[in-house]
Amino acid sequence: MPTTPALPTQVSPPEFALSPALPHQIGGAEAWAFPVLPDEDGPLLGPGADEAAEALGIDLLAALEAARATGRTGEVTTVPVGAVAAPEGPVLVLLVGVGEATPTDFRRAGASLARATKDRASVATTLAAIAPDDGLAEVVVGAMLGSFAFHWRSAGPKELPVARVVLAGVSADGADDELARALALGGAGWRSRALATVPANLKTPDWLAEQAIEIGEAAGLEVQVWDAAQLQAEGFGGILAVGGGSVNEPRLIRMDYIPRGATRSSAKKLPTVVLVGKGITFDSGGLDIKPSEGMLTMKRDMSGGGAVIATMAALRDVDCPVRVVGLVPAAENAISGSAMRPGDVITHFGGRTSEVNNTDAEGRLVLADAMAYAVSEVEPAALLDIATLTGAMKVSLGQWTGGYFANHEGMAEQVAAAAAASGENAWRMPLVADYEEKVASKIADGDNAAGGAGAITAALFLQHFAGDVPWAHVDFASAAESPADRFEWTAGPSGWGPRLLLAWLGSDDPLAGIA
């Protein structure tokens, strides 16, 4: 067995603080940043800019004109001022476009600010001072996620996030709660992205389970892990079949959250939501092996599981009012003499059988086990699974939008609202009943490799394991990998999902229209 590598110490997100003062009144900030709004007569500068210009003796509007700045979303004009600033003053001023000043614009502006201040000690900005409702939170989330970095360099990280962001011109009255919620949302996105970015030579199913235990216990959750022997004893045939070809044995992770003020016994009377996240820690495709270029990003094929782990850890921070159970079936889809074969028939938890006609359609096999367990043993009021499931979804929706299916209009409405509120875009896809014959098998209850309309047939396969529970299936293979830095998305695994899930579960009534 190779030695398990040790993950180097990683960078942390920026710290955030609120201040009613304007940047020129805040001592020690290395940079000042001001919003810029487009206007037909030329861009307009936000609060504090006039005072900063006077204090520094520079013409910031002239700087915008020289740079031909328009104030479009995320545009950053850098004005070096070190030579004219007082010793305690800034070394540069940043003028950040906020476009139409929507929450999305402010999230993107926050991310652009974070990129422009990497390796700086601090920045004081009035971006949040003109933000609309929830805009302060979007500035914070954007700045956090735009700062994300991961490294495995012997000499340490290549660059560091700005250490401190002061949200200037903002009264702490009422904003503290919004800031705390924003830190939870941004932190969940950061954690999900970090888990997805860890290489698979460290990130085995057992390692992922250990992370869930550590993260869950720190968040006050109960965590249970099934090892391979327990999975065998309880009939989790899908998870065992997918993980059977790897020296790294599969696991099933369960995380339990109860709302503030509830006890373990009283929580049993509360309606329960179950989240199921695909936890394939590496996907070779199995015996139906992927081409080499198709494997390059497969360390992040557990992104759905990472999203569930990160979401579960943040539920208390967003005051989720319902009981939530998170399930992550974790396995490594590898190739060996013990790997599942095309044509094999496996028996899932609860007894339904699947004919395996493509070993690279493995995600639905592990999700099916966890969903069947949830319906039988947890009896939820609502069930949602989330996964990087099909390349067909990327063909359908491109790079930045996830797809979702639902067997219940109330579930569909909740997912749509959460996607709109979170900025993690998702589009509803149809559960086409006429395609049911494609997921039928001549010898088993179902076929895992229907082909044709691949995202839809995968959802139809999974629908059988939801029973009559209101259910949504989120397939974000389309949004799981960012090819380049783009606003809050950094190049690499996107960590997509937790903000959407937390927008739903942190709402006043996550089960409105459902139960």
Side-chain angles (χ1 to χ4, degrees), residues 196 200 203-206 208-209 212 225-228 230-232 234-246 248-255 274-288 298-309 325-334 338-340 344-377 383-390 439 445-449 458-459 461-466 471 473-477 480:
K203 186 173 54 189
T204 64
D206 186 57
L208 189 64
V225 176
W226 284 255
D227 63 18
Q230 293 167 314
L231 292 170
Q232 181 71 48
E234 297 186 32
F236 289 92
I239 300 172
L240 288 165
V242 173
S246 175
N248 299 305
E249 293 183 344
R251 297 287 187 268
L252 174 62
I253 303 160
R254 173 172 171 164
M255 308 174 79
V274 173
L275 305 177
V276 179
K278 174 184 170 185
I280 302 299
T281 56
F282 188 81
D283 183 17
S284 68
L287 293 179
D288 289 312
M298 285 299 101
K299 67 180 182 181
R300 58 95 176 126
D301 206 26
M302 42 54 67
S303 291
V308 168
I309 292 170
V325 174
L327 299 172
V328 180
E332 183 175 88
N333 190 21
S338 59
M340 65 178 175
D344 283 0
V345 175
I346 61 177
T347 301
H348 295 282
F349 184 94
R352 185 175 171 86
T353 59
S354 293
E355 183 180 7
V356 180
N357 282 318
N358 187 339
T359 64
D360 195 23
E362 85 298 330
R364 68 202 68 181
L365 299 176
V366 301
L367 290 173
D369 270 8
M371 288 172 60
Y373 168 84
V375 171
S376 171
E377 304 303 312
L383 170 64
L384 181 146
D385 76 86
I386 181 167
T388 50
L389 205 63
T390 66
V439 298
D445 294 320
D447 181 344
N448 84 319
F461 176 91
L462 289 173
Q463 184 175 213
H464 289 279
F465 296 89
W471 160 75
H473 161 58
V474 180
D475 181 349
F476 69 104

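Positions are given from 1, in the same order as the sequence printed here. Below, all heavy atoms of this structure are taken into account, side chains as well, without hydrogens, waters or symmetry copies.
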Q. Which value, rounded to the nearest 0.5 Å, describes the distance between Leu367 atom CG and Asp385 atom CG?
A. 5.0 Å
Q: Kindly compute the distance separating CD (Gln230) from CZ (Arg251), expressed to the nearest 0.5 Å.
A: 9.0 Å
Q. Is a side-chain donor-acceptor pair under 3.5 Å present for Asp301 with Thr388?
A. yes
Q.
Quick check: do Met371 and Leu462 have side-chain heavy atoms less than 4.5 Å from each other?
A. yes
Q. Quick one: CG on Leu327 to CD1 on Ile253, what's the gap to the nearest 0.5 Å?
A. 9.5 Å
Q: For residues 234-243, pull every pair meeting side chain to side chain donor-acceptor pair (under 3.5 Å), keeping only residues two or more places apart or in separate chains.
A: Trp226-Glu234
(Q) If you define the side chain from C-beta out and look only at heavy atoms, does anything of Val375 sit under 4.5 Å from Leu383? (A) yes
(Q) For a quick test of reading the model, state the closest non-hydrogen atom pair linking Ala212 to Ile309 and the distance between them. (A) CB-CD1, 4.0 Å
Q.
Any non-hydrogen side-chain atom of Asp283 less than 4.5 Å from a side-chain atom of Asp360?
A. yes
Q: Considering non-hydrogen atoms only, spot the tightest contact between His473 and Ala459 and give its length.
A: CD2-CB, 3.6 Å
Q) After noting the C-alpha distance and the side-chain angles of His348 and Thr353, does the key distance pass the side-chain hydrogen bond (donor to acceptor under 3.5 Å, both in side chains) rule? A) CA-CA 6 Å; His348 295 282; Thr353 59; over 6 Å; no
Q. Under 3.5 Å, side chain of Lys203 to main-chain N/O of Lys299, donor-acceptor pair present?
A. yes
Q: Quick one: pull up CD in Glu249 and CG in Asp206 and give me the separation to the nearest 0.5 Å.
A: 9.0 Å
**Q.** Closest contact, heavy atoms only, Ala361 versus Asn448
**A.** O-ND2, 3.0 Å
Q | Atom of Leu389, atom of Ala458 and distance for their closest heavy-atom approach | A | CD2-CB, 3.8 Å
Q.
Any non-hydrogen side-chain atom of Ile239 less than 4.5 Å from a side-chain atom of Leu252?
A. yes
Q) Taking all non-hydrogen atoms of both residues, which atom of Asn333 and which atom of Gly285 are closest, and how far apart? A) ND2-C, 3.4 Å
Q) If we ignore angles and hydrogens, is there a donor and acceptor under 3.5 Å between the side chains of Asp475 and Thr390? A) yes
Q.
Please find the pair of heavy atoms, one from Asp369 and one from Gly237, that lie closest to each other, and give the distance.
A. OD2-N, 3.2 Å
Q. To the nearest 0.5 Å, how far apart are OG in Ser246 and CZ in Phe282?
A. 11.0 Å
**Q.** Residues that Ala196 engages under side-chain contact (heavy atoms from CB on, under 4.5 Å), provided they are two or more places apart
**A.** Arg300, Met302, Ser303, Pro493
Q: List in chain and number order the residues that pass ring pair (Phe, Tyr, Trp, His ring centres under 6.0 Å) with Phe349, two or more places apart in sequence or in another chain; answer none if no residue qualifies.
A: Phe236, Tyr373
Q) Any side-chain heavy-atom pair from Pro250 and Leu231 closer than 4.5 angstrom? A) yes
Q. Sequence neighbours excluded, which residues qualify as side-chain contact (heavy atoms from CB on, under 4.5 Å) partners of Thr359?
A. Leu287, Asp288, Met340, Pro342, Val356
Q: Would you please name every residue forming a side-chain contact (heavy atoms from CB on, under 4.5 Å) with Gln463, sequence neighbours left out?
A: Asn407, Leu431, Glu436, Leu460, Trp471
**Q.** Residues forming a side-chain contact (heavy atoms from CB on, under 4.5 Å) with Asp447, sequence neighbours excluded
**A.** Asn357, Ser441, Ala449
Q.
Any salt bridge linking Lys278 with Glu362? Criterion: basic side-chain nitrogen under 4.0 Å from a carboxylate oxygen.
A. yes
**Q.** Arg254 and Val328, any side-chain heavy atoms less than 4.5 Å apart
**A.** no
**Q.** Contact check, side chains of Val276 and Val308, non-hydrogen atoms, under 4.5 Å
**A.** no
Q: Keeping the roles fixed (side chain from Ser338, backbone from Gly244), state whether a donor-acceptor pair exists under 3.5 Å.
A: yes
Q | Separation of Leu365 CG from Ile346 CD1 (nearest 0.5 Å) | A | 4.5 Å
